[in-house]
Every structure is written in structure tokens, then in C-alpha cells.
Amino acid sequence: MTTHPIIQTVLNQQTYFNSLATRSYDFRIRQLQTLKQGIIKFEAEFTRALKQDLGKPEFESYASEIGFSLHEIGFVIKHLKKWMRPRRVKTPLLCQPASSRIHYTPLGVNLIIAPFNYPVGLTLGPLTAAIAAGNTAVLKTSELTPHCSAVIQKMIEDGFDPAYIAYIPGEIPETTLLLEQKFDHIFFTGSPRVGAIVMQAAAKTLTPVTLELGGKSPCIVHADARLNIAANRIVYGKFFNTGQTCIAPDYVLVHETVARAFLDALIQRITRLYGKAPLSCPDYGRIVSPGHFKRIMALIDPDKIVAGGQHDEKERFIAPTVMANVTLEDKVMTEEIFGPVLPVLTYTRFDDICDIIGKLPGHPLACYLFSESKTVQEEVMSRIPFGGGSINHCLQHFINPHLPFGGIGESGMGSYHGFDGFERFSHKKSILKAGSKIDLPLGYPPYKKKLGLLKRFMR
Ligand code: NAD
């Protein structure tokens, strides 16, 4: 009987990992260079594929996928030697004579599952971290972005031995079969719904998971915010990649005293960036699939539109759309929008903000605040649970490789980027190395008369 190719791939990777081939610094650096060269070699194909799958403008493709991946690899290459060094920590008197170190060891064979919205960056980002930490990896991308998936497959097969890095083509049945295999770690980026499926599958074999999920991320515009700056940056954060960004501001909570002025600034900014006919704007993308087009359209209440609303099903086009006078009862507030529709709600007191966010399911992946007040900034940071965020900007915390990126509760578990990515794909092996020249008898029987001394050490 022949073994299914997917099962065989995982078995081959286990053998490859056990050969210790992936461990050395030199090997990891060579593989990171191969990945970098692969991205450069296939840059034009990636740009074309991103246009075909998501209508992505070339600038957005480079900023958030191709250039972003290259930048992350460069950052990792620059720091890897330091990160790989065992970290010396203190050793208490009780354990002396000894020294203690944390050794970063690779987890083993990893399954990386990517979503559709940044198909290149969100596949190659975790892969970079997996390689840096000395692992092997099996990659599975989304069936919604077939052109990007084809280029990723070509690039991976061009540069890597599948016993080390493998790409598995296919759709949900292939992912399901993958999830039945024994991995050492599953890194999943996608919706909370599928995240739960992944976690259930992983629980059967006690496989650790990293879940990078989504949710409704609020954007608060306080009464003292610089409204033009807020409008500029919210339009950027919301309509970049046509709103299909996990950390896009899902909705705006604006202080009622500045709501009118803020809406005016928002509408003006949208027209300035995308023109009066955004369908023909070269800097604006498309919705990934007919299914998502229909889903997003069903969230819009035409009576509440104050900007946008134009759409074209054949083109999978939805204009940057703003809805005003929105309440929690509106359909648009019942699920993550993940599209170019921005509902605006108002608040009066700070407690209203907490109430509204608290009534929505789960903790947000991101939160944005526009305010000049340190007190308000501190209150938002301390009172509202969320994965991460930016003050007076949108999306920026994602870009900084020194900041760990991840969710909390239903928006995810575990973080990555930069050192945190390396750490995420590593096991922290704690080693205490004891001196063997003397052997203090404090901890051994007979215990008579030793308890008093022990108590002095341990208090
Ligand atoms: P999704 O959950 O539908 O799909 C993600 C991956 O899971 C895809 O590769 C898909 O093929 C696979 N999949 C789908 N159904 C499956 C099933 N039944 N069994 C096994 N695998 C299955 O997510 P999506 O629509 O591709 O992406 C959008 C979601 O991802 C949003 O919720 C967004 O917030 C989230 N997201 C999160 C991050 C983050 O970094 N936290 C980044 C991007 C997207």
C-alpha cells in the first residue's frame, strides 16, 4: 500500500529534522538567503498574482507583502546570531555552585496555514521565523488566492528540498488531512471559526498551536483628536487592501461633540485619495471572492451610507463606504467586516466606549486611539483588553519588528515578528549546570537539623 503524499511529506520532514541538518547557524542563514533570493526572483510573478487574486495595486503589494517579507528576513538575518546564543540567567544561592542558561531549540516539524488577505506576507513571515529557529515547515495557503498560491509553490519548490520546506496544494480536504498528522507546532492565521477547528484537531495529539485570528477592532476618536490627521490615517488603515486587513479599524467610535466634523474630514479624505469614481482608481483593490463580495454587501444598510456605496459584482468592487448613525443593532456590527465598509458610532462618556466594546464578542485584535490626552491614552491602554494597537495612527504597530504581534482571547494566542517569531518557533530549554567538585548535603536525608537552615534559604 502506498502512503498518501501528504502523510509521506510529514514523515520525510520528521526524518530530516531528526538528522539535525537544520540546527546550525550557517544552515539557517543559507536558507534565509535562499528565501530572500526566491522572493526577489519571483517578485514580478508575485505582483501579477496579487493583482489577479485581490486587485492589489503594486505599491500595496510591495509595501505589505514582498517588501515586508524581505524586510523581515533582513531583520532576522541581522540579529539571528545574537538570538541563538544561550541566554545566561541568575542562579539562586540554593542551587549553588551552578550556572543557568536558556537554550533556544527548534520545535521540529511545523504546519503553517495562511489566510487569503496577505497571501504572500502571511505565509513567508511565519516561514522566516520557522527557518530562523531551525525548524522544518509544511505550508498550506488559501484556496481563495490561487494565483498567489501557484507562485508560492513554484518559489518553494525551486529553492527548497520538500523534506525541509514543503508546499501542499489543495483546499479544505487537504488541510483537514494535514491537521490529522502529528506536527510539533501548528501556526495558523485566519478566522476564529477555523481557528477553533485547528485547535480541536491539535488537541487530539496535544500539539501546541499559535493562532493569529481576527475580530472587530475599534478605532476611538476622542474629542481632543486632531481630526484631519485622524481622518487621513483611518482612511489609510481601513481601505488599504480594500479593508481586507485583520488589524484594519473595523468601526469608529467618535466623541459626539466632534462627530460631524470628523465625518466631513473622512468623506473629504476618501474623495481626495480615491476620486469620485473609485472603480477606476488604480490605487484601490478588489474583494477576494464572489462569496465575500455578497457577505460584505449584506452588511451595508443603504439608509446609513454617508460616503461610497457604489459596487460592481462582476468586478468584485465595493467603493470605500462610510455608514453613520450606526448602533450595535445594525448588521454591520454583528461580525468582523473584513471589507471596505466603515461604520461610525458615537459616544458621550468613556464608559460608553468600554460598554460598546464589551458587548461585542471576544477581545479585539487591535485598537486605535486618536487623542492628545495622556490620561485618555492611559485609560484606553489599561481598561480595554486587545492584542496591540497604535495611538494616533493605524496599523503601524504591525510594521515594527521590535513589537510582538498577536491577539488575546478570541483574537488569537501567541505572538510573532522579529525576536518573538524566533521565540515562537523555539522551545526554551532551561539548563542548570551544577559544579561537581563539592556536593553539599543540605537537600539529602537525613533531614534532621536541616529544616531550620532550609527555611533561612527559602524565605
Ligand atoms: P479562514 O479562517 O477562512 O481561512 C484561513 C485558512 O484556513 C485558509 O488557508 C483556509 O484554506 C483554511 N481553512 C478554511 N476552512 C477550513 C476548514 N474547515 N478546515 C481547515 N482549514 C480551513 O480565514 P480567511 O478568510 O482566509 O482570512 C480572514 C480571517 O483571518 C479574518 O478573520 C482575519 O481577521 C484573520 N486574519 C488574521 C490575521 C492575524 O495576523 N491575526 C491576519 C490575517 C487575517
Side-chain angles (χ1 to χ4, degrees), residues 6 53-54 64-65 68 72 111-126 129 138-146 148-149 152-153 167-181 183 186-202 209-217 237-238 240-250 287-293 295-296 335-339 360-367 386-389 395 397-399 403-417 420-421 424:
I6 287 182
D53 287 334
L54 288 148
S64 61
E65 307 249 26
F68 185 80
E72 178 78 8
L111 171 60
I112 296 173
I113 304 174
F116 77 77
N117 61 330
Y118 292 94
V120 181
L122 294 179
T123 305
L124 304 186
V138 174
L139 310 177
K140 174 71 187 62
T141 54
S142 169
E143 59 285 353
L144 296 182
T145 49
C148 290
S149 295
I152 293 172
Q153 178 171 11
Y167 178 88
I168 302 293
E171 303 193 1
I172 292 170
E174 285 74 15
T175 319
T176 306
L177 181 56
L178 276 168
L179 288 171
E180 285 163 11
Q181 309 313 306
F183 285 92
I186 301 173
F187 189 103
F188 171 81
T189 309
S191 62
R193 183 186 67 81
V194 182
I197 295 173
V198 170
M199 201 166 167
Q200 269 169 11
V209 290
T210 301
L211 301 178
E212 301 290 338
L213 310 177
K216 286 186 92 61
S217 298
K238 180 69 186 189
F240 193 91
N241 202 28
T242 330
Q244 300 165 110
T245 301
C246 55
I247 49 165
D250 186 274
I287 304 304
V288 71
S289 68
H292 277 285
F293 175 89
R295 181 188 62 76
I296 298 164
E335 61 174 76
E336 181 183 4
I337 300 166
F338 220 59
L360 294 167
H363 296 323
L365 177 60
C367 177
F386 58 89
L395 317 185
H397 64 291
F398 183 89
I399 299 168
L403 287 174
F405 174 78
I408 170 173
E410 282 180 42
S411 58
M413 60 183 73
S415 52
Y416 75 124
H417 285 187
D420 275 78
R424 196 68 207 160

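Both counts, for ligands and for their atoms, begin at 1 and track the order of listing. Values below: every heavy atom of this structure, side chains too, minus hydrogens, waters and symmetry copies. One-based numbering along the sequence shown.
Here the shortest heavy-atom distance to atom 7 (O) of ligand 1, taken over Phe405, Phe116, Phe188, Tyr416, belongs to Phe188. The closest non-hydrogen atom to atom 2 (O) of ligand 1, taken over Gly190, Gly406, Ala248, Ser191, comes from Ser191.
Inter-residue side-chain proximity for Cys148 and Phe116 is flagged as unmet; no heavy-atom pair is nearer than 4.5 Å. In this structure, Gln181 and Val138 have side chains that are not in contact, with every pair of non-hydrogen atoms separated by 4.5 Å or more. Contact annotation: the side chain of Val288 approaches that of Thr145 to within less than 4.5 Å [non-hydrogen atoms, C-beta and beyond]. A heavy-atom distance below 4.5 Å is not found between the side chains of Thr245 and Phe398.
At distances below 3.5 Å, not a single donor-acceptor pair connects side-chain atoms of Thr189 with backbone N or O atoms of Glu212. Formation of a donor-acceptor pair under 3.5 Å by the Thr242 side chain with backbone atoms of Gln244 is not found in this model. Looking at Asp250, its side chain does come within 3.5 Å of a backbone N or O of Ile337 through a donor-acceptor pair. With hydrogens and angles disregarded, no donor-acceptor distance shorter than 3.5 Å links the side chain of Lys216 to the backbone of Pro361.
Under the side-chain contact (heavy atoms from CB on, under 4.5 Å) test applied with Ile186, the options Leu178, Val209, Leu211, Ile112 reduce to a single match, Val209. For the side-chain contact (heavy atoms from CB on, under 4.5 Å) with Ile113, the lone residue among Thr123, Leu179, Leu122, Leu139 that qualifies is Leu179.
Only the backbone of Ala114 comes within contact range of ligand 1, with a heavy atom under 4.0 Å; no side-chain atom does. Counting heavy atoms closer than 4.0 Å to ligand 1, residue Thr141 contributes backbone atoms (N, CA, C, O) but none from C-beta onward. No part of Tyr118 comes within 4.0 Å of ligand 1, judged by heavy-atom distances. With a heavy-atom cut-off of 4.0 Å, Thr189 touches ligand 1 through backbone and side chain alike. Using a 4.0 Å cut-off between heavy atoms, Leu144 makes no contact with ligand 1 at all. Under 4.0 Å from ligand 1, the heavy atoms of Glu336 that appear belong solely to its side chain. Of all the heavy atoms of Leu365, the ones lying under 4.0 Å from any atom of ligand 1 belong exclusively to the side chain. Contacts between Leu122 and ligand 1 below 4.0 angstrom, taking non-hydrogen atoms only, involve the side chain exclusively.
Shortest contact from atom 17 (C) of ligand 1 to any protein heavy atom: Ile172 CG2, 3.6 Å. Annotation: atom 11 (O) of ligand 1 to nearest protein heavy atom, Glu143 OE1, 2.5 Å. Nearest protein heavy-atom neighbour of atom 41 (N) of ligand 1: Leu213 O, 2.6 Å. In terms of protein heavy-atom proximity, atom 42 (C) of ligand 1 is closest to Cys246 SG, 3.1 Å.
The Ile197 neighbourhood of ligand 1 comprises atoms 18 (N), with distances under 4.0 Å to a heavy atom of that residue. Within ligand 1, the atoms closer than 4.0 Å to a non-hydrogen atom of Ile113 are 6 (C), 7 (O), 9 (O), numbered from 1 in the order shown. Near Gly214, meaning under 4.0 Å from one of its heavy atoms, ligand 1 places the atoms 34 (O). Close approach to Thr175 involves these atoms of ligand 1, each under 4.0 Å from a residue heavy atom: 20 (C), 21 (N). Using a 4.0 Å cut-off to heavy atoms of Glu212, the atoms of ligand 1 that qualify are 37 (C), 38 (C), 39 (C), 40 (O), 41 (N). Residue contact check: Phe338 has heavy atoms under 4.0 Å from atoms 28 (C), 31 (C), 33 (C), 34 (O) of ligand 1.
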Acceptor/donor pairs from residues 192-201 side chains to any protein atom, 3.5 angstrom cut, sequence neighbours excluded:
none

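Any N or O atom pair closer than 3.5 Å counts here, and Pro115 shares no such pair with ligand 1. In terms of N/O distances under 3.5 Å, ligand 1 is not approached by Thr176. The shortest N/O to N/O separation between Asn117 and ligand 1 does not fall below 3.5 Å. Below 3.5 Å of separation, one finds no N or O of Val194 facing any N or O of ligand 1.
Distances from atom 19 (N) of ligand 1 to the protein include at least one heavy-atom value under 4.0 Å.
Taking CD of Glu410 as the reference point, atom CG of Leu365 lies at 12.5 Å (rounded to 0.5 Å). Going from atom CD1 of Ile6 over to atom CD of Glu180 covers 10.0 Å, rounded to the nearest 0.5 Å.
For Glu335, the salt bridge (charged side-chain N to carboxylate O under 4.0 Å, His left out) partners are Arg295, not counting sequence neighbours.
Aromatic pair Tyr118/Phe68: centroids not less than 6.0 angstrom apart.
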